[in-house]
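One structure is given below, encoded as structure tokens.
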Amino acid sequence: MSAHTHPRSPRPTAGGVDFKLPWWGVVLPAIAFCALLALVVGSGDAHAVSGDGTLAHLVDRIHESLSH
């Protein structure tokens, strides 16, 4: 039994691949890029918060308990 082949499309391509990209395939990466760019540009005004070290103490305690 022989296999049937699909006929070629009557419309020839003009030297490239023809495909369609959904709208969100362009919009979502563009939004993500703009958001990350805004974070990088706005980080020049960021300053470290000086505190009493409660969070650092908690992380140290967790690290000590996990290492034993």
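Starting from 1, each residue takes its place in the sequence as its number.
- Going from atom CG of L28 over to atom CH2 of W23 covers 6.0 Å, rounded to the nearest 0.5 Å.
- Cluster membership check: F33 does not share its hydrophobic cluster with V27, using side-chain heavy-atom separations under 4.5 Å among Ile, Leu, Val, Met, Phe, Trp and Tyr.
- Annotation: the span from S67 atom OG to I62 atom CD1 amounts to 12.0 Å, rounded to 0.5 Å.
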